[in-house]
Chemist: 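Just dropping this structure here.
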Amino acid sequence: MTLTWTDWQAIAVPLVLAIGAVAVLLIDAFWRSATVQLRHTVVTLLTGAVILFGLVFVWAQRDDFKPAFCRPVVEGPAECSLVFEPLTAGLWGVLLIGGLGVVGLSAYRLLSADIPVGEYHFLLLSALVGATTLAGARDLATVVIGLEVVSLPSFALVALRRDRRGSEAALKAFLVSVLSTAVMLFGISYLYGVTGSLHLVTIANRLTGLDPDMKRVAFAAGLFVVVGFAFKIAAVPFHAWLPDTYVGAPVEVTAFLAVVSKSAGVAGLLVLVVTGIAPDGSDLRLVIAILAAVTMTVGNLAALRQREAVRLLAWSSIGQVGFLLAPLAVGDAQAVVGYLAAYVIVTLGAFGAVAVVQRHRPAGLLSDYRGMVRSEPGLAVALIFFLVVLAGLPPGLAGLFTKFAAFQAVIDGHLGWLAIVMAVNVMIGLAVYLRWVAELFLLPADDPFSVDIETPAVVMVSLFTAAAVVVSVLPSTLFALAT
Amino acid sequence: MIATVWRVAGVGFSLLLVLIAALLYGAAPEQASFLNSQIGDLTIGFAVRTDDLTVLLLAVVGVVATCVQVYSLSYLHERASSYHALVTLFTAAMATVVVSDSLFLLLIGWEVMGACSYLLISHYWERRDARSGAVKAFLMTRLADVGFLFGIFVLGVGAGTFRISELDPARISPGVLTAGTLLLLVGVVGKSAQVPLQTWLPDAMPGPSPVSALIHAATMVAAGVFLIARLYDVFSASSTTMTVLAIIACVTMLFAALCAMAAVEVKRVLAWSTVSQLAIMFSALSLGTREGRHAALFHLVTHAAFKGLLFLCAGVLLHQVGSAAFVVLRRYTRRGVLRNRLRVTFLTMTVGLAALAGVPGFAGFFSKDTVLEAAWDHAHHDGSVIGWVVLASVGLTASLTAFYCARLWLWVFFRSPALAGAIGAFEVDDPMADLEDPDTSKLKDASWLMLGPLVLLAVGALGLGYVDGLHLNWAIALGSTVLVLFGVLPAYSLWSRGADPRPAVLERELGVDRAYHGIFVGPVRWLAKLSVLGDRDVIGAYVRAAGRSGTLASQGLRLLQTGNVQTYLTGAVVGVVALAILAGVIAR
Amino acid sequence: MPLVLPLLLAVVLFCLGVYGVLSRRNAITILMSLELMLNAVNLNLVAFDAWHLDGLATGQTLAVFVITVAAAEIGLGLAIVLLLFRGHGHVDADAARDLVEHEESAT
Amino acid sequence: MTTALFAVAGAVAVAAAVMVVTSRRIVHAALWLVVTLGAVAGCFGALQAEFVALVQILVYVGAIVVLVLFALMLTKAPTNPLPTLTTGRSPFAAAIAVVLALLLGAGVVFAFGNQKIEPVPAGSANAIGTSIFQTWVLPFEILSVLLLAALIGAIALSQRKKED
Amino acid sequence: MNAILLGILALPMLAALALWALPITLGDRLAALYGAVVSGLVLVGSVLLWQRTEGWFAYSELQPVQQLGPNARPLDAVTDVPWIPPLNVRFHIGVDSISVPLIILTALLTFLCCIYSLKITPRIGRMRSLIALLLVIEAGVIGAFSAMDLVLFFVCFEIVLIPMWLIIDIWGDDHDPAGRKRAATTFVLMTVFGSALMLLGFLLVYRQAGTFDLVQLTNSPVLGGHGIPLVAALLVAVGLAVKVPLWPLHIWLPDAHAKAPTVGSVILAGILLKLGTYGLIRILVPVLPDATVTIAPYLGGFSTVAIIAGSLACLGQTDLKRLIAYSSVGHMGFVGLGIASLSDAGMKGALFANIAHGIITGLLFFVAGAIKDRHDTSDLRTIGRALYARLPRIGALLTFACLASLGLPGLAGFWGEMLVLLGAYDPSAALPQATFRVFMVVAGLGTVLTAAYFLRLIRNLCQGDPAENPASAFAVDLSRIELITWSPLVVLTVLLGVWPGLLLHQWGIL
């Protein structure tokens, strides 16, 4: 087959990212003469530029519809491996913004000195290649391989500090992930067996006309596929690796896991749902709804009593995933992408702030943040804002409206019970974040945190704050991502 | 400085009322409404009116208030500014009631009076009895006022208006009329301390005596009588209400008179006598005739004069002697100084008691005769049972009244021949009785600022009986005189023997107060405790339990977080199986 | 040949793999069990491919991909295991518990 | 014929797999794994998927198992039987596995119980190559990224820190 | 007009941000002065919104409003621009005669709180933030009172939560850090839960009607008293009832009020509680009329229970601020009963009682705060008795406020309760008359209980033997700043008491 111009356009972003990855690796490996600072800066800038190019590209093409790697079929729509459409643009936007944020958080003096710079950025870009492919994938082979391309570099990143904690964290994430991959592949094999195809369009078409016995297998297969993603996004009960891994990884990598890796998982699941693997009214959606309810409840409840900042963020991110799964369960892509966008921005911000504190107070306890509104007002206000957005209360209107959209999706999807669970969880979640906010406001602090914050960190946290403010004032920008 | 301003304002305001009454005298009735708002079909707003009743009551209120304010100038020195301000407000509230043509304006005056009386009764707030008496007064009248308010609703909604002058009994259905008037009657009963809401009035006596005079003579308690007189058409249109009123009045007048016979404190005797006398007015009103209304109002006016006088006299005793309890006064009487040193007080009090007792020639005699006559007319000519009952009970009450007046007068001012200098009837339970005799050297009559009002009111108590024109029914006059004698003679007889039998049941005022305490106060306190505990241990428990279960769940989830990746994997696989089964079950 | 034969074989292998993952202590044996699971997947794919016979060899292609993925996984996985061994001195998956929240740090 | 071949190979695979997950000697388990993988390759052959079978032998037996053995050596895995190789949770794990197997097996039997396959030689390298380069270009390309990333990752993790 | 409304919305918000941007060293006095100037401007602006037009833009005793025509009583100061088109949310604000008085009350109380803070500051200081938070709350509340879009209302409803939480948590009772934290958290969590339920109700309404716009919804309400509308009404009612707070959802209130600083209590009781009742009147009744009829008896029943239970709980209190807090439960019960009666009188009574409660309870909490500041406790037993002797003017003001609060005719508290009782006597024809008559009688007895606990308070606090309760050395009577800040409330209490038409007339015939 020959690749058409459309194909090239559609995979331009992953392609550029991949090329950028190799370039970064080569620069770092062969430009030994430069100082560490210079090399790091160049690598950061190059990586950022590549991602930025991707963002610009996505922005320029946001309204296009570009099926790529297609194969005409005798009956039914053409089978494509990758489709660039507004939803893809929205997801890529979120993923790339997340990647860009992580790159910013990994600038010189921010990234732990133990981590090899070239490999770090290479792996990061590789993961982004996988993530973007996954978000645009329309066949199961691409989906599963894309997912692997997100996952394997992530585990390498987790262990990249090559210390005791990192290796344990990576092992946990790795084992859970490969098990989930195996489960998912098993499911895919059944899906293939039942429908005879790996293309989502065709599968969705053929799923409708199955006899009951086949339907049962198809359901189990779909369940296994969903479970694979559930591992990835750490939905309860496939979540337990997450807190340990988050704590064990370097903070920047944790941010990466929380933002890019998780968004990729959500994107994959969303693709499955909207393309019809889990059509409206199917049991799979019910499964996702149950997962959503259990996930948000467990995540928020467990976060209630955490005393370490990263662990609290870890559990709260589980809770947030629950909220993400709720609109997913009814197939409301707009609400999901909007939620994801807001989540990505403020999570990056929160991890940025946490990274600053953690660099100087490695214990990472919530009590380290005591009295920060006085001692570090800028950072504290930013962190409070991020937390409030996560909680979904004004002034964090971005969080409020994305939660609102989630509620609306669930109500429109006639899942009243899930809406009630969500309402309860809004309350529990608020309790979680308020504990932290209260620490920040506590005065007088006996040992207030006050340091000379690194310039890149200041810049990044300011950027995240600005972005969060913008999407709070104009929440429609969030939902414009996927229309 | 502020006190002076309020003193001047108080006296000035009272005089202004008198002046207004004088100006309005004889003027044609008028009404005016203002500040109205539309609520649905109803208009809620204010309205005032002037007519004979208004003028009469304004005059009474003005005169009594003037007397009280002037009297207070000398009587009271501490907290004078708040005192005078409140008395002025009190008077103004009564004036509002009197001139109001809107039920709501009337209610405002009605309840502001209640609040003022509460504040004035607790003027000596360092005294326990003043505090509790005040609270009791306010709460009981407030309870009654709820009924009053509902009565306003019933009548107002039934008639489509809250204007008194537009309330036409003919346009209100009988059921609504009865319900409305009965509910209004609840308010009246409370305000005028009729049975069964009588217990607050005697307990209100710890307030300053001038205030008692104001409350008992012209304002507060008289407002009930005024209200029924004002709404007489409406009330008399409901025979049920009138019957109830008659029963209440007859029971009250006898009950109160009996209580007065056993009271051992001048002000308490006077308080019960007020209840009794008000009941007489109500009984006259309950006749439902124009004569009855006239008689009631006539008695209201004379009563205002002599009861105001009596309370002010009691105030002099309190002010000069320090107490109005028989047991204290007796110690002075034993030495014979009270009558001589407080000569003006003695004389005016005598006049007042005579008027109260209905001694022929005094104002009370005439007004009471008018009541009897109206009852007689009603009973005799209309064949009304109510008339007979009223006649009988008023007659009986006249005797009892004469008895306790005579008892009071004799025991307070005169040495009992049987017990000259010895332990007397009231010393039995007085722990101070054997101690030194009081120092009487400084005892003297009060200043003329206080005595002036006494004299003025005494003139009224003497002369008001004649202003209505003398048209005595000689038979009734004779009969009532005999009844008075029947009352006075036993009192004299007992006094001369040095005996003052006070049946325990009467002294406890038939145990009503204690019963109320048991029935209402106790359970309410219990419920309050229950409510606090309920909030804390039931409703609050849910909230706390929610919080605690959240914490516990959090702890439990932490336990699941073993750090062992294989338990994580196991959990995940179990989750897969469970999800498959669960979804299968739900889908089924 | 009945289709269920390879399918049941796959189920058995898969569940043996699951058992191995859940019950083996050594991380390398866990990885080996995972290979069993992936083999079960491949068996399924090849069997379904033979059943469908759509001429595209989709199942077999994916099976090849899966084998490649497995290779990548095992490569990185062993690197992680070796790193763990360097840090901890053992490769017991259930003994690596440094990251769990410690009792005294929780209130 | 193919059925019998498949049955034999399958039986060997299951038996060897049981040994893989139950053997108390790690090295033995690894060697049993070789047997299993070989037997599965035989199954592929019986299903006429010769290319997959070849890849299986090449990649799995040739590369992966060797890697595993190296790793066992590097982690100083003992060759004597280890009673602690299997955790105490294994009965529970077995129960889960059995339940899962029953569920899946029942589903499979109900769904595909009557189906027959007639393996024809469709799995030649040619056919698969055509399929890959006609239909599965994108996953193939991405797979290359995966392999590269895994490789670089493994190398990066295996490097000692600079200080060391 | 709409510029004024936008101005009084934006000014406090921007001023708060500017205040935080100012240096930390800014003196407490200066911050309070700044707040006073800003809130004073807002007060002026809100008074300028006072309009001559009568009535409410739509609602006529369950009459289908279409008969009035959509423009029968137009809103004032309307701004209507799209905000979040994907969610169909508009920034639609406007005022009418029921919102303007509440806006003015908000502006007034905030202004008074700022003035009060000029001299009297919480011990912990940090005035700059306190003032800024007060301004944020002001903006949020004014926004809620002028929102004509359900989502905007919801957002404004939520805006006040975090600032109020901070006010209680930081400036609350400094003797009981754990208690104040618990109180603040309970407050914010319960309210958030309630508002989340309310949001669900809004979304159900949206699903039925396809719009969040209140004007449209009022003109073409969601009809039907069963099924989805009923569920929506229940959710909205429960959500708002938490804020009101209606028994048995009131449990957050006593603690929150008791632990909050003086200005916090004033704002909380005076303004925030009104959001709930305003929401009931503005949203529940017009948007879901039939479903409201279905739940009105229960609303009335719970309100009546609130009146009795709140009053009884007051009788058993030993803490001054808790007592006043519980009194709010009773008073808001009256408001709830009035709304439940769905009659003209009941609605107006509820609206009036809203305003009156804001003024009187504001005054009560000011006075209670003053007493607490002087004695460093609000425990009645510790404060002792005979306040008349020690602090005669404050005692007198307390007595005045108590009398006003117990509904003495002639003061503001009376008219609302009276109209509510009248409404319960003569409820909307669609409701069970006998049930509401029972409510009326019970609520009437509640007024007696109200009187009882206030008299008990006066008796136990103000009166008593001065010899046994010596004055403390520092206790000074009414200071000038207290006089200045309290006198407007006293004046308004009397003014509204003798001239209820000032507000009632404004509402015309609902």
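It should be emphasised that the depicted structure is a prediction, and the values quoted were computed from it without experimental measurement. Letters A, B, ... are given to chains in the order of the sequence lines, protein chains preceding strands, and every chain is numbered from 1.
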Chemist: Indicate the atoms forming the closest heavy-atom contact of E/Lys181 with A/Ala438, along with that distance.
Modeler: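 In terms of heavy atoms, the two residues are closest at NZ-CB, 3.4 Å.
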Chemist: For chain A, which of E/Val188, E/Val89, E/Val160 has the most heavy-atom pairs under 4.5 Å?
Modeler: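 Of the candidates given, the most pairs with chain A belong to E/Val188.
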Chemist: Per the side chain to side chain contact (heavy atoms under 4.5 Å, CB included) rule, which among A/Val410, A/Ile411, A/Asp412 passes with E/Leu203?
Modeler: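 That would be A/Ile411; it is the only one of A/Val410, A/Ile411, A/Asp412 passing the side chain to side chain contact (heavy atoms under 4.5 Å, CB included) with E/Leu203.
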Chemist: Taking the six-membered ring for Trp and the single ring otherwise, decide whether the centroids of E/Trp83 and A/Phe401 are under 6.0 Å apart.
Modeler: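 Distance test on ring centres: under 6.0 Å, yes.
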Chemist: For the interface with chain E, which of A/Leu442, A/Val426, A/Leu434, A/Val437 has the highest count of heavy-atom pairs at distances below 4.5 Å?
Modeler: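 Highest number of heavy-atom pairs under 4.5 Å: A/Leu434.
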Chemist: A/Gln408: which residues meet the side-chain hydrogen bond (donor to acceptor under 3.5 Å, both in side chains) condition with it, sequence neighbours left out?
Modeler: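 side-chain hydrogen bond (donor to acceptor under 3.5 Å, both in side chains) list for A/Gln408, sorted by chain: empty.
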Chemist: Between A/Leu400 and chain E, with a heavy-atom cut-off of 4.5 Å, which part of the residue counts as in contact: side chain, backbone, both or neither?
Modeler: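 Side chain of A/Leu400 only, per the 4.5 Å heavy-atom cut-off to chain E.
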Chemist: Atom CH2 of residue position A/Trp59 - does it have more than 12 heavy atoms of other residues, nucleotides or ligands inside 6.0 Å?
Modeler: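 Check fails, neighbour count at 12 or below.
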Chemist: Working to the nearest 0.5 Å, report the span between CD1 of E/Ile162 and CD1 of A/Ile384.
Modeler: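 Reported value, rounded in 0.5 Å steps: 9.5 Å.
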Chemist: Can you tell me how far CZ of A/Phe441 sits from CG of E/Asp169, rounded to the nearest 0.5 angstrom?
Modeler: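 With rounding to 0.5 Å, CG (E/Asp169) is 9.5 Å from CZ (A/Phe441).
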Chemist: Just do the side-chain contact (heavy atoms from CB on, under 4.5 Å) check on E/Thr185 and A/Leu430 with the steps written out, would you?
Modeler: CA-CA 9 Å; E/Thr185 311; A/Leu430 182 62; over 6 Å; no
Chemist: Is the E/Phe212-A/Phe404 ring centre distance short of 6.0 angstrom?
Modeler: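 Here the rings of A/Phe404 and E/Phe212 have centres that are less than 6.0 Å from each other.
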Chemist: Measure distances from E/Ile170 to the heavy atoms of chain A and classify the residue's part below 4.5 Å as side chain, backbone, both or neither.
Modeler: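 The side chain, not the backbone.
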Chemist: Would you mind checking which part of E/Leu189 comes under 4.5 Å of any heavy atom in chain A, side chain (CB onward), backbone (N, CA, C, O), both or neither?
Modeler: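 Contact with chain A is through both the backbone and side chain of E/Leu189.
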Chemist: I'd like to know whether A/Val381 forms a side-chain contact (heavy atoms from CB on, under 4.5 Å) with E/Trp20, so could you lay out the CA-CA distance, the side-chain angles of the two residues, the decisive distance to 0.1 Å, and finally the verdict.
Modeler: CA-CA 10 Å; A/Val381 166; E/Trp20 267 313; over 6 Å; no
Chemist: Do you know which of A/Pro395, A/Ala419, A/Gly392 has the most heavy-atom pairs with chain E at a distance under 4.5 angstrom?
Modeler: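 Heavy-atom pair counts peak at A/Ala419.
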Chemist: Please state whether the side chain, the backbone, both or neither of E/Val231 comes within less than 4.5 Å of a heavy atom of chain A.
Modeler: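 Nothing of E/Val231, per the 4.5 Å heavy-atom cut-off to chain A.
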Chemist: Is E/Leu200 in contact with chain A via its backbone, its side chain, both, or neither, using a 4.5 Å heavy-atom distance?
Modeler: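 Both backbone and side chain.
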Chemist: Chain A: which of E/Thr191, E/Val136, E/Val151 shares the most heavy-atom pairs with it under 4.5 Å?
Modeler: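 If we count pairs closer than 4.5 Å to chain A, E/Val151 comes out on top.
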Chemist: What part of E/Phe154 gets within 4.5 angstrom of chain A, counting heavy atoms only: side chain, backbone, both, or neither?
Modeler: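 Interface part for E/Phe154: side chain.
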Chemist: Taking atom CZ of E/Phe193 and atom CD1 of A/Ile420, what is their separation to the nearest 0.5 Å?
Modeler: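 Rounded to the nearest 0.5 Å, the CZ-CD1 separation comes to 6.5 Å.
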Chemist: Where does A/Pro475 contact chain E at under 4.5 Å (heavy atoms): side chain, backbone, both or neither?
Modeler: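 When you check distances to chain E, atoms from both the backbone and side chain of A/Pro475 fall under 4.5 Å.
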Chemist: Show the nearest heavy-atom pair for residues E/Pro86 and A/Gln334, with the distance to one decimal.
Modeler: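 Reported closest heavy-atom pair: CB-NE2, 3.5 Å.
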